[in-house]
Amino acid sequence: MYVSGFVQPVPDGNRDAYIASARTGWALFKDYGALSMMENWGDDVPAGKQTDFHRAVAREEGESVVLSWVVWPDKATADACMATMETDERWQEIDMPFDGKRMIFGGFETIFDAAA
């Protein structure tokens, strides 16, 4: 498996709009082969002494940190989907109710996976 991970600051007043955009985005990720997606609204995100999620996304007053990921069967499927971000106009139609310039993201090779 392969994981695309994202951390972004979202204005608290945009929570419902963010959920709606995530639902729309999931339909596209699923079309391109994603296995699952999870969106997580920070409610216990401590300030660190050296670094933390707040500083990583330059969180401002009235914003929450959102941690998200998309699970793929492999890196090739994830890469193929990401390549469509510029060519599939449906991506451009998704409302992004946050400052995308402060989102951090990356691709991660799964090295351990467990479930109950």
Side-chain angles (χ1 to χ4, degrees):
M1 283 192 288
Y2 193 77
V3 176
S4 298
F6 310 87
V7 181
Q8 55 271 338
V10 179
D12 294 331
N14 289 356
R15 182 178 172 136
D16 290 340
Y18 183 85
I19 294 168
S21 73
R23 289 182 200 281
T24 302
W26 166 241
L28 290 171
F29 285 123
K30 188 168 63 170
D31 280 354
Y32 285 107
L35 302 174
S36 66
M37 183 172 111
M38 188 172 285
E39 301 283 345
N40 306 277
W41 195 269
D43 69 349
D44 186 14
V45 183
K49 292 185 181 186
Q50 191 165 9
T51 189
D52 57 37
F53 282 112
H54 304 281
R55 284 180 271 189
V57 296
R59 187 188 68 81
E60 298 174 356
E61 187 67 32
E63 293 179 329
S64 291
V65 175
V66 176
L67 171 65
S68 313
W69 60 84
V70 178
V71 178
W72 304 95
D74 51 48
K75 185 178 189 313
T77 304
D79 289 347
C81 176
M82 295 308 160
T84 71
M85 298 278 179
E86 300 296 321
T87 59
D88 186 333
E89 63 190 36
R90 296 177 298 167
W91 292 112
Q92 308 313 313
E93 296 169 1
I94 298 174
D95 179 38
M96 290 184 46
F98 61 92
D99 181 0
K101 290 183 271 250
R102 293 187 287 141
M103 175 175 70
I104 59 174
F105 59 92
F108 301 85
E109 175 187 355
T110 300
I111 58 170
F112 179 79
D113 180 36

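Note that these values count all heavy atoms, side chains included, but never hydrogens, waters or copies made by symmetry. Note that this is a predicted model, so its numbers are computed, not measured.
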Item to complete: Supply the members, apart from Ile19, of the Ile/Leu/Val/Met/Phe/Trp/Tyr cluster built from side-chain contacts under 4.5 Å; use none for a lone residue.
Response: none

Worksheet item: Just how far is it from atom CG of Asp113 to atom CE of Met1, taken to the nearest 0.5 Å?
Response: 3.5 Å

Discussion item. So, taking the atom named CG in Asp79 and the one named OH in Tyr2, what distance separates them when rounded to the nearest 0.5 Å?
Written reply: 6.0 Å

Practice prompt. Would you confirm whether Asn40, through its side chain, and Leu67, through its main-chain N or O, come within 3.5 Å as a donor-acceptor pair?
Written response: yes

Worksheet entry | Flag side-chain contact, heavy atom, 4.5 Å: Val7 against Val65 | yes

Response to the item:
When every non-hydrogen atom of Val45 is compared with those of Phe53, the smallest separation belongs to CG1-CB, 3.8 Å

Worksheet item: Hey, does the side chain of Gln92 reach the backbone of Met85 with a donor-acceptor pair shorter than 3.5 angstrom?
Response: yes

Discussion item. Which heavy atom of Arg102 sits nearest to which heavy atom of Ala58, and what is that distance?
Written reply: NH1-O, 2.5 Å

Response to the item:
Closest heavy-atom pair, Gly33 versus Pro73, reported as atoms and distance to 0.1 Å, is O-CD, 3.3 Å

Discussion item. I want to check something: taking the side chain as every heavy atom from C-beta on, are Met96 and Gln8 in contact at a cut-off of under 4.5 Å?
Written reply: no

Worksheet entry | Least distance between heavy atoms, Pro9 atom then Arg59 atom | CB-CA, 4.3 Å

Discussion item. Other residues, nucleotides and ligands only: do more than 12 of their heavy atoms fall within 6.0 Å of CD on Glu89?
Written reply: no

Discussion item. Which heavy atom of Ala47 sits nearest to which heavy atom of Asp52, and what is that distance?
Written reply: CA-OD2, 3.4 Å

Worksheet entry | Nearest heavy atoms of His54 and Pro46, plus distance in Å | CD2-O, 3.8 Å

Practice prompt. Answer yes or no: is there a side-chain heavy-atom contact under 4.5 Å between Thr84 and Leu28?
Written response: no

Worksheet item: Is atom CZ of Arg90 surrounded by more than 12 heavy atoms (other residues, nucleotides or ligands) closer than 6.0 Å?
Response: yes

Worksheet entry | Phe98 and Met103, any side-chain heavy atoms less than 4.5 Å apart | yes

Worksheet item: Partners of Trp41 by side-chain hydrogen bond (donor to acceptor under 3.5 Å, both in side chains), sequence neighbours excluded?
Response: Ser64

Discussion item. Grouping I, L, V, M, F, W and Y whenever their side-chain heavy atoms are under 4.5 Å apart, do Met38 and Val3 come out in a common cluster?
Written reply: yes

Worksheet entry | Any side-chain heavy-atom pair of Val66 and Phe6 under 4.5 Å | no

Discussion item. Would you compute the distance between atom CG of Asp31 and atom CH2 of Trp26 and round it to the nearest 0.5 angstrom?
Written reply: 9.5 Å

Worksheet item: Taking a hydrophobic cluster as the set of Ile, Leu, Val, Met, Phe, Trp and Tyr residues connected by side-chain heavy atoms closer than 4.5 Å, whether directly or through intermediates, do Val71 and Met82 fall within one such cluster?
Response: no

Discussion item. Between Trp91 and Phe29 (judged by ring centroids, cut-off 6.0 Å), do the two rings come close enough to count as a pair?
Written reply: yes

